[in-house]
Participant: 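Shown below is the structure under consideration.
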2 protein chains.
Amino acid sequence: MAIRPAEQLIHKAAWLYYAHGLRQDQVASQLNISRASVAMYLRKARETGIVNISTSTQLFTDDVLARKLEDALSLDAVWIAPENDHIADPSTEIAVLAASVFLELVKKGDRIGVAWGRTVYMIADVMSYADLQDVTVVQLCGNLGAPYSYRPDQCTMEIARRLNAKGLNFYAPLVLSTEELARALRAEPVIREQLSGVSECDLALYSVGAVDADSHLVKCGALTPGEMADLRSQGAAGVIAGQIIDAEGKVLDCSYNRRVISAELASLRAIARRLVVVQEDSKFEPLLAAIAGGLCTHLVVGAHMAQRLLDHAAATTEKAS
Amino acid sequence: MAIRPAEQLIHKAAWLYYAHGLRQDQVASQLNISRASVAMYLRKARETGIVNISTSTQLFTDDVLARKLEDALSLDAVWIAPENDHIADPSTEIAVLAASVFLELVKKGDRIGVAWGRTVYMIADVMSYADLQDVTVVQLCGNLGAPYSYRPDQCTMEIARRLNAKGLNFYAPLVLSTEELARALRAEPVIREQLSGVSECDLALYSVGAVDADSHLVKCGALTPGEMADLRSQGAAGVIAGQIIDAEGKVLDCSYNRRVISAELASLRAIARRLVVVQEDSKFEPLLAAIAGGLCTHLVVGAHMAQRLLDHAAATTEKAS
DNA sequence: TGCCCAATTTGACTTTTGTCGAGAGCCGTG
DNA sequence: CACGGCTCTCGACAAAAGTCAAATTGGGCA
């Protein structure tokens, strides 16, 4: 496959069609090819991000509820996906919205930290292609060896691919069996560099995990259901980038956390824009914990969750006064 | 006209169509309106920048000629509009390309300085709409009272409108009749603030004017053809933001320049990205002057001009060695 | 050189989209 | 309260875009 001429043609076709507003048949005659080919080239152009179609997500911030939430929780921006409507699947809706929001937050030259989870992978999956050449996507936490399709490195690479950006992976297990080994591995130059580079990110994308038997930590074998229950009784409230946090959003003092290879929460907090996306209503407490810990500046949730958060905030304020 | 519900509908339609990939009839049934209305909403959405379609201008930098020029003239980036092709009008082609390049260079939160001229207005005219709320467009030089449709304030406002950004105009004549008056006016707080704010811009857009009887300075009555010829014999090589520069790109020491209200060249040079667009082949010397004076980091020209610049650079290097 | 395979291109067909004039709803005005 | 004038909306038609199987091209390999 001669890649150069093909690429050139796609570019030219896209240019004439989208920038000049010619019709497909006019493009075809300019380039001396058939209209069908033009249609195909244009599809490729859209798929590869040579052309970029994006919709403003302003609508979802304009929502009064979103504004209230921003005030109540001191967040920089909140987007609320409608759920009342007859839309097929609310969790998909949230992911689609999150993908748009994410693309709107990315700027040229940005360094983006990406964590791991079903939500993040779902966002990557519905994200449209863009052409941001000098963007770097870095992985925030170690890998889980499980055969799941949403491994941390895959999330990172998929998002990097969609953005036409550089992906920076690091290959270490998320959890090790002993604290000593984790310490030693963290001291490895390759790993240390990656982890210390996290705080230089301009944007982070992650979800928050629940502390229950459904958690990926359990499903992937990092923790047994029993251990999870133990952690819960010790005050575990949620999971961020593979680490267990308590209700205040601080790292829980436990053996598990000491065995994890992941970006420190302080590094995450050093990132100016931290986009948290939550799909499941059941992750209410974990999300509260993340917000309490200052791990979230930008939030995408469903209407349901938004209302619960607002009610909670109102109740807390009332109690305090 | 109830503006809220209409806007909401446009947003929703655009969202369902572009983000979710639904067909127009599906969108129509979701929103309980006719497909024809959906089509109309979508057009409005495109026109107002609620959706954004942009094509990568990478193709035009990939050009070997562009790369050579970047090296030869030490520019950050060069885009070359093809002229050999059977494309209708090369100057329109350059303007369309420049508009795309400009949009690609703008980042969120940017402050953009815009000067004045036929070229700049033409770029504004073909520029597609975008939704960049926290961008500010500032006017770089005073106004000419002439009835031309490309007055500095109009250039600024038009570009601001296209970007859905804030436009910052200042109302002073470009040229005054005495040097004292110009000095006094420059000292006015409103004007001083505007001019000193120029160096804080992140991006500038301007063209360069020729020193001849066709110049707008002559057409608008700021200078007589005779005065222009005089300036030329004194070493005037071009016009940038209403100011006359010599072949080295320095402000020419003349009464005219002292009577002008415009951003100082030093302020312009303080702007990180200075996009210069030249349409006419006749502006070769003015462009050389602008480049010599470091007033240009990003350049959009036609293939013809590009070749001339490269030949000139090669000749100069040869002579020097 | 000639053959084969894969990728690309094409023409014909279907589906989707854009557009236009007619009609309906709405508001301020006389 | 009836009357233009206005915009918004709809249905129907025309134009454009998407799709698919068949044909062609080109390049590697025996």
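Only heavy atoms go into these numbers, but all of them, side chains included; no hydrogens, no water, no symmetry mates. Just so it is clear: chains get the letters A, B, ... in the order the sequence lines come, proteins before strands, and each one is counted from 1.
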Participant: Can you measure B:Leu42 atom CG to C:dT19 atom P for me and round it to whole angstrom units?
Facilitator: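 Distance check: B:Leu42 CG to C:dT19 P gives 12 Å.
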
Participant: Applying salt bridge (charged side-chain N to carboxylate O under 4.0 Å, His left out), can you list everything that pairs with B:Asp202, at least two apart in sequence or on another chain?
Facilitator: none

Participant: With sequence neighbours left out, write down each residue that passes side chain to side chain donor-acceptor pair (under 3.5 Å) with A:Tyr17, or none if nothing qualifies.
Facilitator: none

Participant: Please give, in whole Å, the distance from D:dA17 C1' to A:Ile53 CD1?
Facilitator: 13 Å

Participant: For a quick check, with a 4.0 angstrom heavy-atom cut-off, what is the B/S/- contact string for nucleotides 9-16 of chain D, read 5' to 3'?
Facilitator: SBB----S

Participant: Going by the rule side chain to side chain donor-acceptor pair (under 3.5 Å), which residues pair with B:Asn52 if we only count those two or more places apart in sequence or in a different chain?
Facilitator: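 Counting only residues at least two positions away or on another chain, B:Asn52 forms no side chain to side chain donor-acceptor pair (under 3.5 Å).
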
Participant: The criterion is ring-ring contact (aromatic ring centres under 6.0 Å, His included); which residues satisfy it with B:Trp15, sequence neighbours excluded?
Facilitator: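 Counting only residues at least two positions away or on another chain, B:Trp15 forms a ring-ring contact (aromatic ring centres under 6.0 Å, His included) with A:Phe60, B:His20.
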
Participant: Just to verify, what does B:Arg118 make a salt bridge (charged side-chain N to carboxylate O under 4.0 Å, His left out) with, not counting sequence neighbours?
Facilitator: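 Only B:Glu280 meet the salt bridge (charged side-chain N to carboxylate O under 4.0 Å, His left out) criterion with B:Arg118.
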
Participant: Nearest-Å distance, NZ (B:Lys44) to P (D:dT7)?
Facilitator: 10 Å

Participant: Does A:Arg46 have a side-chain nitrogen or oxygen under 4.0 Å from the phosphate oxygens OP1 or OP2 of D:dG18?
Facilitator: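 Checking D:dG18 against A:Arg46, a side-chain N or O does come within under 4.0 Å of OP1 or OP2.
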
Participant: When the ring planes of A:His298 and A:Trp79 are compared, do they come out parallel, tilted or perpendicular, using 30° and 60° as the limits?
Facilitator: parallel

